[in-house]
Amino acid sequence: MSIETHGLVRDFKEVRAVDGIDLMVEPGEIYGFLGPNGAGKSTTVLMLTTLLPPTKGEARVGGFDVTIYGARVRKLIGVALQDVALDVNMTGREHMLLQGALHGLSKHDASSRGSELLSRVGLSEAADRRVGGYSGGMKRRLDLALALVHHPSILFLDEPTTGLDVQSRQALWGEVRALARAEGATVFLTTQYLEEADALCDRVGIIHRGKIVAEGTPASLKAEVGRPSVVATPVDDADRPEIERVLKRYGEVYDDEPAIGVRLAPEKELTDVVRALDRKKLKVADLALHQPSLDDVFLAKTGLHLEGAGEEKPEEA
């Protein structure tokens with residue numbers, strides 16, 4: 001097992017940031033840790049990478065207890081945390097050479113490995129430019145390359161695409177996927193982006209208030225939610241109670257301001273809802289069919305939407 005925890009807990013004074021987490025991550029797996037800011041994702045990564053001691057519980061990375069064999073764990077892992085720690089006055093190539101030296105590589109090996117990784121992450125042409133002139137996406141890609149210099153068997157990426165635009169985010173997904181497969185590494189990825197977990201991860205654990213509330217492949221988690229949802233937005237808010245009564249005939253109704261949603265019961269279809277609203281002469285400004293998503297899973301498990309949940313206070317606060 002690449003990563004294994006049992007009852008992992010971390011307290012900050014009177015605040016419990018991580019509350020009894022059990023994890024099992026297989027070798028070669030891309031595992032996504034999905035949740036809003038403040039859920040406990042980064043705190044978990046800090047414990048697994050030996051940067052923060054657990055309050056209680058056990059954690060093994062690469063078969064080694066993180067509290068006893070920290071030095072051995074650090075030799076096995078590559079880490080890219082949320083805050084990119086780069087020297088703006090150094091070039092990308094100089095960063096790679098320095099990182100190689102810190103890991104005990106010869107100058108020749110560090111140069112060769114650095115060039116290889118810079119090419120993989122698409123930074124060959126910018127390798128001899130100062131990092132201060134890099135875009136946010138370029139800095140993230142350099143940070144990813146630095147984490148791979150010593151051929152780690154386990155890679156920790158803590159919200160690697162936070163703050164990036166959509167195009168840069170998707171480019172970095174491609175790099176992570178390609179590098180993970182080429183290196184054969186286990187990847188533990190924290191994210192608050194639903195599409196990121198769906199696009200990259202073999203399995204996902206959804207964390208909420210320090211607890212894992214759901215775990216499985218993206219497909220299996222969405223299948224648990226079951227049927228699609230129909231979301232109706234009334235033209236006249238006075239019709240809202242009557243529209244809600246109609247929708248209740250077809251499944252479980254939920255509020256999705258300004259709309260009303262219904263998770264369709266088995267054998268119920270969008271056409272059934274349309275006909276029923278038409279018979280009652282109820283007008284809607286919009287009627288949409290939504291297939292199950294990871295946000296639906298989060299909503300089903302916590303009663304909240306994951307989207308926009310980043311307004312919470314940081315977990316260490």
Side-chain angles (χ1 to χ4, degrees), residues 30-39 41 159 161 166 169-170 173 189-209 211-312:
I30 300 180
Y31 184 92
F33 214 33
L34 177 67
N37 286 340
K41 303 186 303 296
E159 303 212 21
T161 61
V166 173
R169 188 182 302 166
Q170 291 179 340
W173 292 350
L189 170 87
T190 75
T191 182
Q192 56 182 305
Y193 297 123
L194 297 163
E195 67 274 25
E196 188 159 87
D198 225 345
L200 281 177
C201 300
D202 301 314
R203 280 195 308 131
V204 172
I206 296 178
I207 182 170
H208 177 60
R209 295 178 180 171
K211 294 179 180 290
I212 295 178
V213 297
E215 188 178 48
T217 66
S220 68
L221 288 173
K222 288 184 282 188
E224 282 183 23
V225 176
R227 299 284 295 168
S229 295
V230 173
V231 179
T233 305
V235 170
D236 186 345
D237 206 51
D239 290 334
R240 190 178 186 87
E242 184 61 25
I243 291 174
E244 186 170 335
R245 279 192 288 273
V246 170
L247 294 183
K248 279 183 179 178
R249 302 177 200 164
Y250 301 97
E252 179 189 351
V253 171
Y254 60 92
D255 196 4
D256 195 22
E257 283 284 355
I260 309 161
V262 56
R263 290 188 191 85
L264 293 174
E267 300 180 6
K268 300 298 183 182
E269 303 291 345
L270 174 62
T271 51
D272 299 325
V273 176
V274 173
R275 289 176 185 135
L277 292 172
D278 188 53
R279 282 195 296 271
K280 291 285 186 178
K281 301 189 184 313
L282 293 167
K283 294 183 179 180
V284 293
D286 185 66
L287 191 68
L289 179 68
H290 294 308
Q291 295 296 333
S293 69
L294 289 178
D295 189 41
D296 294 320
V297 178
F298 194 82
L299 178 64
K301 298 293 182 180
T302 69
L304 301 170
H305 283 287
L306 182 59
E307 305 285 19
E311 300 299 321
E312 297 179 24

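Below, all heavy atoms of this structure are taken into account, side chains as well, without hydrogens, waters or symmetry copies.
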Task: Atom pair CG (Leu270) and NE2 (His290), whose distance is rounded to the nearest 0.5 Å - done: 11.0 Å
Task: Whether Lys41 side chain and Pro36 backbone form a donor-acceptor pair below 3.5 Å - done: yes
Open item on the list: Please give me the minimum heavy-atom distance between Phe298 and Thr302, naming the atom from each residue.
Closed with: O-OG1, 2.7 Å
Open item on the list: Quick one, Glu159 with Asn37, criterion side-chain contact (heavy atoms from CB on, under 4.5 Å). Give me CA distance, side-chain angles, the key distance, then yes/no.
Closed with: CA-CA 10 Å; Glu159 303 212 21; Asn37 286 340; 3.7 Å; yes
TODO: Report the C-alpha separation of Arg240 and Glu257 in whole Å, then their side-chain angles, then the decisive distance to 0.1 Å, and conclude whether the salt bridge (Lys or Arg N to Asp or Glu O under 4.0 Å) test is met.
DONE: CA-CA 11 Å; Arg240 190 178 186 87; Glu257 283 284 355; 3.6 Å; yes
Open item on the list: Using side-chain heavy atoms (C-beta onward) and a distance below 4.5 Å, is Thr191 in contact with Leu200?
Closed with: no
TODO: Answer yes or no: is there a side-chain heavy-atom contact under 4.5 Å between Glu196 and Leu189?
DONE: yes
TODO: Would you indicate whether the side-chain heavy atoms of Asp198 and Lys222 approach each other to under 4.5 Å?
DONE: yes
TODO: Report yes if the side chains of Pro218 and Leu221 come closer than 4.5 Å at any heavy-atom pair, otherwise no.
DONE: no
Open item on the list: For a quick test of reading the model, state the closest non-hydrogen atom pair linking Cys201 to Gly32 and the distance between them.
Closed with: SG-CA, 3.4 Å
- [ ] Check whether any side-chain heavy atom of Tyr193 lies under 4.5 Å from a side-chain heavy atom of Thr161, and answer yes or no.
- [x] yes
Open item on the list: Let me confirm one number: the CD1-NZ distance from Ile260 to Lys248, rounded to the nearest 0.5 Å.
Closed with: 10.0 Å
Task: Heavy-atom side-chain contact between Lys301 and Ile206 under 4.5 Å - done: no
Open item on the list: Distance check, rounded to the nearest 0.5 Å: Asp272 atom CG versus Leu277 atom CG?
Closed with: 11.0 Å
Open item on the list: Let me confirm one number: the CD-CD distance from Glu242 to Glu244, rounded to the nearest 0.5 Å.
Closed with: 10.5 Å
TODO: Can you see which heavy atom on Arg263 is nearest to which on Ser229, and at what distance?
DONE: CG-OG, 3.4 Å
Open item on the list: Give me the atom names and distance for the closest heavy-atom approach of Val204 to Ala197.
Closed with: CG2-CB, 4.1 Å
TODO: Would you mind reporting whether Lys280 and Arg245 have side-chain heavy atoms less than 4.5 Å apart?
DONE: no
Open item on the list: Tell me the closest heavy-atom pair linking Pro228 and Pro292, and the distance in Å.
Closed with: CA-CD, 4.1 Å
TODO: Considering non-hydrogen atoms only, spot the tightest contact between Tyr254 and Val262 and give its length.
DONE: CE2-N, 3.8 Å
Open item on the list: In the structure I gave you, are the side-chain heavy atoms of Thr233 and Val284 within less than 4.5 Å of one another anywhere?
Closed with: no
Open item on the list: If you apply the rule side-chain contact (heavy atoms from CB on, under 4.5 Å), what do you find for Val273 with Leu264, and how did you get there?
Closed with: CA-CA 9 Å; Val273 176; Leu264 293 174; 4.1 Å; yes
Open item on the list: Distance check, rounded to the nearest 0.5 Å: Thr271 atom OG1 versus Asp278 atom CG?
Closed with: 12.5 Å
